[in-house]
Amino acid sequence: MIYADNAATTDGSGVYQTGGSIVNTIIAGPAAAFSSAGGTISCSAAAALVSGTDGNIGETDPGEGFRDAASGDYTLMPSSPCVDAGSVALEWPDDAVDLSGSTTRVLDGRGSGFAVVDIGAYEYDRANTPVSLNVRIAIISATATGEVATVRLTPSIDGAYGEIVSAAWNFGDGATDAGGTLAELVHDYAFGATFVVSLEVATTQAGTLSTTVDVTTPVLVSYVSTTGSATAPYDTPAKATTSIADALSVLGEPTEGPVKVVVADGTYAAPDERIFLSAVEIAGNDADPSQVVFDGDGSKPFFFLDDANAFLHGLTFLRGWFSGDDTSARPAAYSSASLEARAGVISNCIVRSGRASFSGGVTVWGTGRLIGCVVSECENTDPNGDIAAKGGGIKIYQNAYVSGCTFTNNQTKCGGGVAVFGGTLENCVIHANRATSSPGGGGIHMEGGIVRNILVYGNSSEGSGGGVNIKNANAVLESATVVDNAAKGDGRDVYMTAGALTNSIVFDACAVYDSEHPPLVVAGGTVAYCCSPSLTDGADGNISAAPLFKDAANGDYTVLGGSPTVDAGVNAEWMVGAVDLSGNARVAKRRVDMGCYESAGRLPLVLIVR
């Protein structure tokens, strides 16, 4: 029996075994094609098996021995390891035939003088097959970080030919080999080219046989530049194109890892439509991302990262635009942006002046990650603040992760800088963003997720929560410094109706305390180990005294050694090995400090006795 070219969303795309026995069977495909939770398998071939164990053939895809699987021909080539490799314990009637209905079931396929059944549904008939010379090719190593593609060349002769007298290869790149045997070879080729390989074999019975085969190696690295000649396949800087879509279109399939596009300094037009990226790295200028600009001109989108190996870095995305919501791309509605990551990483990038009708500059969800980026002057333009107009700079949900970023001067109706529905946002600065309507959240709007180690200052809200608005029981804000924000409604800095606020400083350092408009308003949820003037000293570890910032007027919200917030927080498991917003150890001594910064604490008293 043969199992090939099947698919499954769980274990065993070819065969999933929980019991019984499998004998003399080919399960073609990668290791995932076969999965066993019970039963036995013997004298069979599958990549998941171990060669030699119970007569099995494993470690490689047995489908490479099919004559033409792409056209549905699953008969065996003479080079297939499945020829004469079946179970000798099986008894076959003398008139038994294979699946073709015309080939005797048990034949001598190797010319050894002994007839042994083949593995699979078809028997290789050496004696009655017309004599022909064949070469199968397989690229066994090709990565974007490598210099060459390594290709395996497997020769074989169909039919009866006697013995090999000589064999001579011409690899098509100037190299030759006259080793004289019909052995499998490997050869290294340059990327992005086609080579004509020829083989000539002299035999004792069939005379001289010859064949040619084309070896085409993939382009794994392409280039984008304003100074290239735009000559396909754009595989050198001199032949670079100005079109990112063209550069992506020529890339082939690597054996592992992502393909790569290298973008030189310059300004380039964004693609006409959002491009879905699988395992692709797009590399710009990590030393200065502002030098490599994709400009959407207020009418075009950028990319949708859809693979764990998708990686963008050192780039600027300017004036992106995305209209409507691509519900086919995600389970949650009202989230589309011109730059979006369901998986993969966007790192060390600038996103500026982006606009979208449901999410301003970026959407990160699934397992997507945004690391070390600056998102500024973006806007979510949707008019409905209760549904879609949340997140002017970024929208985060599911298991997404955002770290080391700055969100500034973004706006929308709710969550001017950031809207968090799930995932984790940490070690970020949220500054000068604006919520233009109720319910508010000038810096951040939270309906879930974890937000920690962040500085939120100078944001404003036409509704409540000038810095942060928390309105879901699953939302957690911890180790945050939320200061000097403004709101027309309740909570100049934080307004919460649910969720948890821990280890945080909520304070107006540059304004006189107004009990009618305090920095923290708690209409629901829990507050513990926090510093804010409206809290009750000692209750749940909270304090109301001033945190004693070093220089709040100039934006320095670290605290003096004598601050009551030093060593006043409560430790948590995530703090082990973690750092604060400045990159210092999150817990400097026995207990963590409140806020996003850890202080060196009070200087020790030293007594000198003379």
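Taking both residues in full, the closest heavy atoms of Ala343 and Ala308 are given as CB-N, 3.8 Å, listed atom of the first, atom of the second, then distance. Contact detail for Ala283 and Leu315: the closest heavy-atom pair is C-CD2, 4.3 Å. Nearest heavy atom pair, residue Ala279 against residue Gly257, reads CB-O, 4.4 Å. The shortest non-hydrogen separation linking Pro547 to Val559 is O-CG1, 3.5 Å. Across every non-hydrogen atom of Asp493 and Val483, the tightest pair is OD1-C, 3.3 Å. Residues Ser599 and Gly561 share a closest heavy-atom pair of OG-CA, 4.2 Å.
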N/O donor-acceptor pairs under 3.5 Å from side chains in residues 141-149, not counting sequence neighbours:
from, atom 1, to, atom 2, distance (Å)
Thr143, OG1, Thr145, OG1, 3.3
Thr143, OG1, Gly146, N, 3.2

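Ring-plane geometry between Tyr397 and Trp365 is classed as parallel, the angle between the planes falling under 30 degrees on a 0 to 90 degree scale with a further cut at 60.
Identified under the ring pair (Phe, Tyr, Trp, His ring centres under 6.0 Å) test for residues 515-553, with sequence neighbours left out: Phe549-Tyr557. For residues 457-478, the set of pairs meeting the salt bridge (Lys or Arg N to Asp or Glu O under 4.0 Å) definition, not counting sequence neighbours, comprises Arg434-Glu462, Arg452-Glu478, Glu462-Lys488. Here side chain to side chain donor-acceptor pair (under 3.5 Å) pairs that include residues 311-322, with residues two or more places apart or in two chains, are Glu281-His313, Asp286-His313, Asp295-Arg319, Asp297-Arg319. Applying the ring pair (Phe, Tyr, Trp, His ring centres under 6.0 Å) test to every pair with at least one member in residues 563-583, sequence neighbours left out, gives no pairs at all. Residue pairs meeting the side chain to side chain donor-acceptor pair (under 3.5 Å) criterion with at least one member in residues 252-267, sequence neighbours excluded: Asp265-Asn285. Applying the ring pair (Phe, Tyr, Trp, His ring centres under 6.0 Å) test to pairs two or more places apart or on separate chains, those with a residue in residues 422-450 are His431-Tyr457. Pairs engaging residues 458-507 under the ring pair (Phe, Tyr, Trp, His ring centres under 6.0 Å) rule: none recorded [sequence neighbours left out].
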Report task. Quick one: do Glu447 and Lys390 satisfy salt bridge (charged side-chain N to carboxylate O under 4.0 Å, His left out)? Show the steps, please. Result -> CA-CA 10 Å; Glu447 293 188 25; Lys390 297 173 182 177; 2.6 Å; yes
Report task. Give the intermediate values and the outcome of side-chain hydrogen bond (donor to acceptor under 3.5 Å, both in side chains) for residues Thr406 and Thr408. Result -> CA-CA 6 Å; Thr406 296; Thr408 183; over 6 Å; no
**Report entry** CA sep, side-chain torsions, deciding dist, call: Ser464, Asp490, side-chain hydrogen bond (donor to acceptor under 3.5 Å, both in side chains)
**Finding:** CA-CA 5 Å; Ser464 300; Asp490 294 329; 4.8 Å; no
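At least one side-chain heavy atom of Leu248 sits less than 4.5 Å from a side-chain heavy atom of Val261. For the pair Asn542 and Cys531, the minimum side-chain heavy-atom distance is 4.5 Å or more. Taking the side chain as every heavy atom from C-beta outward, Ile371 and Val345 approach each other to under 4.5 Å. Residues Leu312 and Phe303 meet the side-chain proximity criterion, which asks for heavy atoms closer than 4.5 Å. Counting heavy atoms from C-beta on, the side chains of Val451 and Ile444 come closer than 4.5 Å.
With respect to Lys550 and Asp556, no salt bridge is recorded, no charged nitrogen being found less than 4.0 Å from a carboxylate O. A salt bridge between Lys589 and Asp567 is present, with a side-chain N of the basic residue lying under 4.0 Å from a carboxylate O of the acidic one.
With sequence neighbours excluded, the residues forming a side chain to side chain contact (heavy atoms under 4.5 Å, CB included) with Ala264 are Ser225, Tyr268, listed by chain and number. A search for salt bridge (Lys or Arg N to Asp or Glu O under 4.0 Å) contacts involving Asp508 returns Arg492, not counting sequence neighbours. For Cys378, the side chain to side chain contact (heavy atoms under 4.5 Å, CB included) criterion is met by Val351, Val375, Asn410, not counting sequence neighbours. Looking at residues two or more places apart in sequence or on another chain, you find a salt bridge (Lys or Arg N to Asp or Glu O under 4.0 Å) between Asp235 and Lys239.
In terms of modelled atom types and a separation under 3.5 Å, the side chain of Asn427 and the main chain of Gly404 share no donor-acceptor contact.
A cation-pi contact links Arg274 to Phe322, judged by a cut-off of 6.0 Å to the six-membered ring centre and 45° from its axis.
A ring-centre distance under 6.0 Å is not found for Tyr234 and Tyr223.
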